[in-house]
Amino acid sequence: MKVLNKTRNECLGNVKIADTFISRFKGLMFKKDIKRGLLLEMPEGRGRRGSSIHMFFMKIPLDVIFLDSEKRVVDLATLKPWQIYIPKKPAKYIIELPQGSIEDSGTRIGDIMEFYR
């Protein structure tokens, strides 16, 4: 699946989907590099803390984009291994990408994203 920033007409790359508890928990742990990012689909009704992510057992830093149910960017973060992050607002979707993806695409809070095959 590809991720597109519709607001800026920028493709952020390919992602795998993580839509189960195990796939979301495991995420990109133990990877030395990533060819594809990860799109985490969160269960309904999660608050800010329920949208948090961890970087336990990560070997590389990541750019993380938090989206609401309308796929609008509500928070952005660049995280290093072993960090925990709670977004500023609850997220329905969380996109994990290689570090530099946010800056390269010019993605900002308020942008609208789209996922397509």
Side-chain angles (χ1 to χ4, degrees):
M1 181 163 289
K2 291 191 182 292
V3 175
L4 173 71
N5 181 328
K6 283 180 64 173
T7 304
R8 303 186 188 281
N9 196 31
E10 287 285 336
C11 182
L12 280 81
N14 296 314
V15 294
K16 294 189 307 184
I17 298 174
D19 56 2
T20 66
F21 173 79
I22 295 297
S23 64
R24 286 189 307 267
F25 179 78
K26 184 177 177 198
L28 297 170
M29 288 192 297
F30 306 109
K31 305 280 185 191
K32 292 182 182 174
D33 63 3
I34 56 172
K35 293 176 181 65
R36 290 190 296 172
L38 191 66
L39 170 64
L40 293 85
E41 186 173 351
M42 307 306 284
E44 291 294 327
R46 293 256 178 130
R48 280 182 52 236
R49 293 193 185 283
S51 303
S52 65
I53 65 168
H54 69 82
M55 296 285 289
F56 302 150
F57 305 103
M58 289 295 300
K59 297 184 181 286
I60 56 173
L62 295 176
D63 277 355
V64 184
I65 303 171
F66 297 86
L67 311 174
D68 64 15
S69 61
E70 296 175 1
K71 299 179 183 165
R72 182 177 309 274
V73 177
V74 296
D75 200 1
L76 301 164
T78 298
L79 303 176
K80 296 178 181 166
W82 296 98
Q83 281 188 288
I84 296 172
Y85 187 80
I86 300 170
K88 294 176 178 83
K89 294 186 177 179
K92 171 65 178 163
Y93 303 99
I94 301 170
I95 305 168
E96 299 179 347
L97 297 165
Q99 183 179 15
S101 298
I102 291 171
E103 184 177 341
D104 292 348
S105 65
T107 299
R108 300 288 176 258
I109 292 175
D111 287 358
I112 302 293
M113 308 299 273
E114 184 175 308
F115 320 132
Y116 62 96
R117 294 191 189 276

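Just one residue in the list Ile112, Leu12, Asn9 forms a side-chain contact (heavy atoms from CB on, under 4.5 Å) with Leu4, and that residue is Asn9. Remark: of the listed residues Met42, Arg72, Met113, Met113 is the sole one forming a side-chain contact (heavy atoms from CB on, under 4.5 Å) with Leu67. Exactly one of Val64, Ile95, Asp63 qualifies for a side-chain contact (heavy atoms from CB on, under 4.5 Å) with Ser101. That residue is Asp63.
Residues Met58 and Pro81 come closest through the heavy atom pair O-CB, 3.2 Å. In this structure, Arg8 and Arg108 approach most closely via the heavy-atom pair NH2-CG, 3.2 Å.
The closest side-chain heavy-atom distance from Leu76 to Ile65 is below 4.5 Å. Proximity of Leu62 to Ile34: side-chain heavy atoms (C-beta onward) are separated by under 4.5 Å at one or more points. Asp68 has its side chain out of reach of Lys89: every pair of non-hydrogen atoms, C-beta onward, lies at least 4.5 Å apart. Between Lys92 and Lys71 the shortest side-chain heavy-atom distance does not fall below 4.5 Å.
No side-chain donor-acceptor contact under 3.5 Å links Asp111 to the backbone of Thr7. A distance-only check finds no donor-acceptor pair linking the side chain of Arg117 to the backbone of Met1 [under 3.5 Å].
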Notebook entry, point to check: Stepwise, does the side-chain contact (heavy atoms from CB on, under 4.5 Å) test hold for Gln99 with Ile60?
Noted result: CA-CA 8 Å; Gln99 183 179 15; Ile60 56 173; over 6 Å; no

Note to self: Between Glu114 and Lys2, is the salt bridge (charged side-chain N to carboxylate O under 4.0 Å, His left out) condition met? List the steps.
What the structure shows: CA-CA 8 Å; Glu114 184 175 308; Lys2 291 191 182 292; over 6 Å; no

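To the nearest 0.5 Å, the span separating OH on Tyr85 from OG on Ser51 amounts to 11.5 Å. With rounding to the nearest 0.5 Å, the separation of OG1 in Thr78 from CD in Gln83 is 9.5 Å.
In this structure, Phe115 and Tyr93 have perpendicular ring planes: the angle between them is above 60°, well past the 30° mark.
Under the 4.5 Å side-chain heavy-atom criterion for grouping Ile, Leu, Val, Met, Phe, Trp and Tyr, Trp82 is connected to Ile84 within one hydrophobic cluster. One hydrophobic cluster, built from ILVMFWY side chains closer than 4.5 Å, cannot hold both Ile109 and Ile86; they sit in different ones.
There is no side-chain donor-acceptor pair under 3.5 Å between Asn5 and Ser105.
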